[in-house]
Number of protein chains: 2
Amino acid sequence: MRNVSEVFDAGEGVEVELRGWVWRKRSHGRLLFIDLRDSTGVIQVAVNAGRVGPESFEEASKASRESSVLVRGIIAHDPRAPGGVEVRCTYFKTIGQSLDDFPIRKGVTSRVLYDNRHLYLRSPRVTAVMRIRSNLIWAVHEFFRSRGFVEIDCPTLVTAAVEGGATLFEVNYFGKKVYLTQSVQFYQEAAIYSLERVYSIQPSFRAEKSRTTRHLTEFWHVEAEMAYAGFEDLLKTIEELVRYIVIRVDELSKKELRTLGRRIRTEEVEGPFPRITYAEALDILRRHGVDAEWGIDIGADEEKIISGEFEKPVFLTHFPKKLKAFYHKPDPSNREVTLSADLLAPRGNGEIVGSGVRIDDYEELRSRILEEGLRPEDYYWYLDLRKYGSVPHAGFGMGVERVLKWILDLPHVRMAAPFPRTPTRIQP
Amino acid sequence: MRNVSEVFDAGEGVEVELRGWVWRKRSHGRLLFIDLRDSTGVIQVAVNAGRVGPESFEEASKASRESSVLVRGIIAHDPRAPGGVEVRCTYFKTIGQSLDDFPIRKGVTSRVLYDNRHLYLRSPRVTAVMRIRSNLIWAVHEFFRSRGFVEIDCPTLVTAAVEGGATLFEVNYFGKKVYLTQSVQFYQEAAIYSLERVYSIQPSFRAEKSRTTRHLTEFWHVEAEMAYAGFEDLLKTIEELVRYIVIRVDELSKKELRTLGRRIRTEEVEGPFPRITYAEALDILRRHGVDAEWGIDIGADEEKIISGEFEKPVFLTHFPKKLKAFYHKPDPSNREVTLSADLLAPRGNGEIVGSGVRIDDYEELRSRILEEGLRPEDYYWYLDLRKYGSVPHAGFGMGVERVLKWILDLPHVRMAAPFPRTPTRIQP
């Protein structure tokens, strides 16, 4: 019996030894109540001067908030204790005494919390979110591996943009100017000619000065690319992935969700996800009084209106060519729109997945690069992929923090990252 | 029946449809032999003009090397075919014709291979290495998750050095100078006060101009940190991890190892790993005629001599304080050396793991920072961790490419990365 979560599952009278931190403390003279926190939960420890030795009682009296401590005791079921269980202390020892100025306190501003993210991580709610994040990443691996995808770890340091040059961070590479990757898509496209179906989970970077609740400058990006996949295969895989991870995270995270007081709305991912085209989205926007002309960008405000019409994630498909990057394949039945799809999460959470069928013809791809005012020589190796045995293919990218924001109802993506990076936040 | 590996396991006379690429081709007039490559292997396809329609035969005749093709046919067991199995073609169609100047050919220099890494990935041997890499990463996840470690994704963009300032890449962060992380250690140390045992698998960066066979400027780094762990716990965990992943990768990669013609020497990880102290290592070096004075750095040449004495991975422990970063905890029985350990792989492969017990006392850590000429204010949040309920802890880092180099007998770590980055190589 070594951790708090096991104590809650154990019977009356069992002896336990726990290590953890003093989360909260209440003193009633010769009776102290310490809420002990470890990686699995929080439990009340009752230290009664009449039951422990004088040394233990003195240690417990002195132990300040956030001190690390060792506790031995007996499990007692007591309806007055939170969760109905407490540990009646028989031995108490401080491992590391905490200073009294621990900066995370009730009522401090979110600025203080994130200035002290290295300490704020200790909050049981933040701990729960981080454990759920870990479960989500695991679920993503399970999904792809069970379907024969091979993980491929792609470079962070790159020489060309995937998503447009304006949002690239520059790196000084032995005197040469290179960039931080925005997406591993081009590398995955190279890999499908041998591995066919690949996925990656790694950081991506966007030098955007956005101060929204859903942008980080560094975020974890799940990406996948599939040889031979068409538009239907693509949407089917995205839908299955999203359904799988939501249901699996719910299964894996029961205790953490209790800590958060949150329920994952698994019903949102049941049944087929609705699909609407960009043109249909404009109709919805117009019905809501938006002056939605063909070609307008669908930003956060528009996404909120559109996803507000649905109780499930909704695919927004067939974006105009000029709204999407050069590599998106035009729809053969209407070449002004692309075989692209964003997945919008319900309840105003906006885009969580971006996807598309890629242009697989060399001449067509080269024309699009020129049309966008880009230089084919910057994309020489990406073009090469269409010279030597090209195949139809499609892929997508999903933001880990955005999915967590959606399923956990977090007000901001920064709550889903252990050490979030925003335009104004680069430490700790 | 949709992929090559399934064909090898299937019976005579079964009908199959395969998609893949023309790997090699031999023509004997009205009989063509095409070695068809897909993500699972290579199989011989016999296209006999007397058995397929004239259109199929013409397509097959024209299909150049690396063209993507669709093949239907009947499985035939034939001792003359590689692996004893071939597909007798009944239908052949080219999906994407390849240009004739495919740059990967027998005898080209390694420079050409890596200039064209986006195409060189298609080599069945490279494909096998990438699949094994994916299996290795999976094995690492399995190991840590089965032991209750929580995955934590730490930032790439940082403001302070873990491994010394000389090898940091600079990033322009909205006009501010920041760096690419060398290690997530400090962040993991912050996380153990809530999650206790954490691990990460993500890219790390070292701006070293080393031109050795075991340095990349961007590499994938497995790191872990454990609250309450001492030196013995640390070495035990490293040993168990290395043993687990070597045996598991061997289990998961039978086909890939056949493709490579390699055997993983699982006997190297059986039984306890030998341990020698730095002082004992100097004795070994002296016996080999090296002028090994106390305090010399153990570089690649020295590691080769030391690991040459053992048939298993060997722990090299208790490095002098001045050879290790400031956060390494001194050995209480001899404060001139640290509770640190590198794990050297056999057969001259050198260091694959670096590890140590961390200083957990605030004043001691601050003194060491000053002693090294560093500024405590640059490490304020790292110091904070020792102010509020410090606990003993230890951790380690392992290089993914180095482990692959060792177990697959690769001449260079760049063969283990899909798109390796070296001081002179930043694309593709």
Side-chain angles (χ1 to χ4, degrees), chain A residues 19 21 38-39 66-68 95-96 98-99 102 118-119 121-122 126-127 130-131 134 137-138 141 145 150-157 159 169-174 176 178 180 187 190-191 193-196 202-203 218 220 228 381 384-385 387-391 418-419 421 423 426-428, chain B residues 19 21 38-39 66-68 95-96 98-99 102 118-119 121-122 126-127 130-131 134 137-138 141 145 150-157 159 169-174 176 178 180 187 190-191 193-196 202-203 218 220 228 381 384-385 387-391 418-419 421 423 426-428:
Chain A
R19 289 178 299 198
W21 289 266
D38 77 1
S39 64
E66 283 305 318
S67 294
S68 51
I95 300 169
S98 173
L99 298 188
F102 192 70
H118 57 297
L119 304 173
L121 282 182
R122 302 183 183 192
V126 178
T127 303
M130 291 307 137
R131 293 182 75 103
S134 179
I137 304 257
W138 179 243
H141 284 293
R145 303 235 171 209
V150 176
E151 183 175 354
I152 185 151
D153 308 316
C154 298
T156 304
L157 297 166
T159 54
F169 284 114
E170 281 174 28
V171 180
N172 176 354
Y173 195 75
F174 304 109
K176 197 179 163 180
V178 305
L180 295 182
Y187 292 98
Y193 297 86
S194 52
L195 299 169
E196 298 186 44
Q202 55 183 96
E218 175 175 355
W220 275 63
Y228 312 113
W381 66 261
D384 268 1
L385 305 178
K387 279 189 191 169
Y388 305 106
S390 192
V391 292
F419 295 93
R421 297 301 186 234
I426 188 74
Q427 74 174 13
Chain B
R19 287 178 301 197
W21 288 266
D38 77 2
S39 64
E66 284 304 320
S67 294
S68 50
I95 300 169
S98 172
L99 298 190
F102 192 69
H118 58 297
L119 303 174
L121 282 182
R122 302 183 184 191
V126 178
T127 303
M130 292 306 136
R131 294 182 75 104
S134 178
I137 303 256
W138 179 244
H141 283 294
R145 303 236 171 207
V150 177
E151 183 174 355
I152 185 150
D153 308 316
C154 297
T156 304
L157 297 166
T159 54
F169 285 113
E170 280 173 30
V171 180
N172 176 354
Y173 195 76
F174 304 109
K176 197 181 163 176
V178 305
L180 296 182
Y187 293 97
Y193 297 87
S194 52
L195 299 169
E196 298 186 45
Q202 54 183 97
E218 175 175 355
W220 275 63
Y228 313 113
W381 65 262
D384 267 2
L385 306 177
K387 279 189 192 170
Y388 305 106
S390 192
V391 291
F419 295 93
R421 297 299 186 235
I426 188 74
Q427 72 175 13

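The sequence lines fix the lettering, A, B, ..., with proteins before strands; numbering per chain opens at 1. Predicted model, so just to flag it, every value in this text is computed and none were measured.
A donor atom on one side chain and an acceptor atom on the other are found under 3.5 Å apart for A:R145 and B:S134.
Under the 30°/60° scheme for interplanar angles, the aromatic rings of B:F174 and A:F169 are found to stand perpendicular.
Only the side chain of B:W21 comes within contact range of chain A, with at least one heavy atom under 4.5 Å from a heavy atom of that chain. Looking at B:L157, both its backbone and its side chain come within 4.5 Å of chain A, counting heavy atoms on both sides. Residue B:V171 touches chain A through both its backbone and its side chain, counting heavy-atom pairs closer than 4.5 Å. Contact of A:L385 with chain B is made through backbone and side chain together, with heavy-atom distances under 4.5 Å. Only the side chain of B:E218 comes within less than 4.5 Å of a heavy atom in chain A; its backbone stays farther off. Both the backbone and the side chain of A:V150 come within contact range of chain B, each with at least one heavy atom under 4.5 Å from a heavy atom of that chain. Both the backbone and the side chain of B:P423 come within contact range of chain A, each with at least one heavy atom under 4.5 Å from a heavy atom of that chain.
B:R421 contributes no side-chain N or O that, together with a main-chain N or O of A:P155, makes up a donor-acceptor pair within less than 3.5 Å. Of the possible polar contacts, none joining the A:Q427 side chain to the B:T159 backbone as a donor-acceptor pair under 3.5 Å is found.
Per-residue heavy-atom pair counts under 4.5 Å with chain B were compared for A:D153, A:V391, A:V178, and the maximum is reached by A:D153. Counting heavy-atom pairs under 4.5 Å between each of A:E66, A:E170, A:E196, A:R131 and chain B puts A:E196 at the top. When A:T127, A:L99, A:N172 are compared by the number of non-hydrogen pairs under 4.5 Å with chain B, A:L99 comes out ahead. Note on B:A191, B:P203, B:S98: by heavy-atom pairs under 4.5 Å with chain A, the leading option is B:S98.
Contact annotation: the side chain of B:Y228 approaches that of A:I95 to within less than 4.5 Å [non-hydrogen atoms, C-beta and beyond]. Contact check for A:Q202 versus B:W220: side-chain heavy atoms found under the 4.5 Å cut-off. The side-chain heavy atoms of A:H141 and B:W138, taken from C-beta on, include a pair separated by under 4.5 Å. At least one side-chain heavy atom of B:I426 sits less than 4.5 Å from a side-chain heavy atom of A:K176. The closest side-chain heavy-atom distance from A:L195 to B:L121 is not below 4.5 Å.
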- Might you work through the side chain to side chain contact (heavy atoms under 4.5 Å, CB included) test for A:T156 and B:L180, ending with a clear yes or no? CA-CA 10 Å; A:T156 304; B:L180 296 182; 5.7 Å; no
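Summarising the geometry of B:S68 relative to A:S390, their closest heavy-atom pair is OG-O, 2.7 Å, with the distance given to 0.1 Å.
For the atom pair CG (B:L119) and CG (A:D384), the distance works out to 5.0 Å, reported to the nearest 0.5 Å. The NE2 atom of A:H118 lies 10.5 Å from the OH atom of B:Y187; values are rounded to the nearest 0.5 Å. In this structure, A:I152 CD1 and B:F419 CZ are separated by 6.0 Å, a value rounded to the nearest 0.5 Å.
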